[in-house]
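Presented below is the structure to which this report refers.
Note that the structure is predicted; figures quoted are calculated from it, not measured.
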Amino acid sequence: MTAAQERNYTELAPVWCIPFNADAPLDFSAVFGNSNPVTIEIGFGMGIATAEIAAANPDKNYIGIEVHKPGVGSLLGEIKNRGLKNLYIIQHDALEVLEAMIPDGSVQAFHIFFADPWPKKRHHKRRIITRPRTDLMAQKLCGGGYLYFVTDWQEYGEWALAELTATPGLKNAYEGFAEHQTWRPETKFERKGIAGGRGISELYFIK
């Protein structure tokens, strides 16, 4: 961690990080002080795009889930610098958080941008977009809610398209891959992928 990330983590984690508690499902209205719709981002990296989206949508609430401590420190700094009141962090394994802390039918959206593609075949089972993990996400979405997935790994995009298509309760909003959603900020990983000659695959499924 950089000195700034460490300082942010020490100062701000007690305020903006929600501790993992397997015995305490979240009450979003209690967390945010309102009943605005909630978006969960799984694996926000350094959190710049996360903060930009939250800043652009003050009428929506956001929870970022990330295990990487430097990324948590980075996003905490963004929350402070931008004066955000609609973004909290859970530093824990995303699947355990979904299973234990997120009520069924309570989430308006899932954002999953440039998750680890686990390119080796023997590691495919670790991918976040794979059944039955996608079934769990569908279970947590409210009616009309959406799952928005972006990757710069073509094979993972094709894999995710098949897995989401096979997930009960989810319907593709497009015929195949989605159009670029113009409200999503370009991320560092995206620029890196494009510079490396990799195309960007986007998927947008609705509950």
Quiz question: by atom type and distance under 3.5 Å, do the side chains of Gln181 and Tyr146 form a donor-acceptor pair? no
Is there a continuous path of hydrophobic side-chain contacts, each under 4.5 Å between heavy atoms, that joins Phe113 to Met46? no
Checking Asp152 side chain against Glu190 main chain: does a donor-acceptor pair fall under 3.5 Å? no
Are there more than 12 heavy atoms of other residues, nucleotides or ligands under 6.0 Å from atom CD of Glu158? yes
Restricting to non-hydrogen atoms, name the atom on Leu87 and the atom on Gly64 that form the minimum distance, rounded to 0.1 Å. CD1-N, 4.2 Å
Taking a hydrophobic cluster as the set of Ile, Leu, Val, Met, Phe, Trp and Tyr residues connected by side-chain heavy atoms closer than 4.5 Å, whether directly or through intermediates, do Leu12 and Val31 fall within one such cluster? yes
Look at the rings of Phe32 and Tyr88 and say which category their plane angle falls in: under 30° parallel, 30 to 60° tilted, over 60° perpendicular. perpendicular
Does the side chain of Leu76 reach to within under 4.5 Å of the side chain of Tyr9, using non-hydrogen atoms? yes
Ignoring hydrogens and angles, tell me if any N or O in the side chain of Asp135 forms a donor-acceptor pair with the backbone of Arg131 under 3.5 Å. no
Are any side-chain N or O atoms of Lys207 and backbone N or O atoms of Ala138, one a donor and one an acceptor, separated by less than 3.5 Å? yes
Ile40 versus Val97: any side-chain heavy-atom pair under 4.5 Å? no
On a heavy-atom basis, which atom in Ala51 and which in Leu75 lie closest, and how many Å separate them? CB-CD1, 4.0 Å
Indicate the ring-plane relationship of His92 and Phe20, choosing parallel, tilted or perpendicular according to the 30° and 60° boundaries. parallel
Can Thr134 and Glu163 be counted as having a side-chain donor-acceptor contact under 3.5 angstrom? no
State the CD1-CG distance between Ile53 and Leu84, to the nearest 0.5 angstrom. 12.0 Å
Can you give me the closest heavy-atom contact between Trp118 and His123, atom names plus distance? CB-O, 3.5 Å
Look at the side-chain heavy atoms of Ile, Leu, Val, Met, Phe, Trp and Tyr, link any pair under 4.5 Å apart, and say whether Ile90 and Leu136 land in one connected group. yes
Using a 3.5 Å distance criterion without hydrogens, assess whether the side chain of Trp159 forms a donor-acceptor pair with backbone atoms of Ile129. yes
Tell me whether Gln5 contacts the main-chain N or O of Ser74 through its side chain, where contact means a donor paired with an acceptor under 3.5 Å. no
So which heavy atom on Pro103 is nearest to which on Lys140, and how close? O-CD, 3.8 Å
Which atom of Ile102 lies closest to which atom of Phe28, heavy atoms considered: CD1-CZ, 4.1 Å
Met1 versus Pro70, closest heavy-atom pair with distance: CG-CG, 3.6 Å
Determine whether a donor-acceptor pair (N or O, by modelled atom type, separation under 3.5 Å) exists between the side chain of Asn21 and the backbone of Met101. no
Run the numbers on Trp153 and His124 for ring-ring contact (aromatic ring centres under 6.0 Å, His included), then give the verdict. CA-CA 13 Å; Trp153 200 268; His124 285 181; 9.9 Å; no
Under 3.5 Å, is there a donor-acceptor pair between the side chain of Arg127 and the main chain of Ala115? no
According to the salt bridge (Lys or Arg N to Asp or Glu O under 4.0 Å) rule, which pairs have a member within residues 83-97, sequence neighbours left out? none
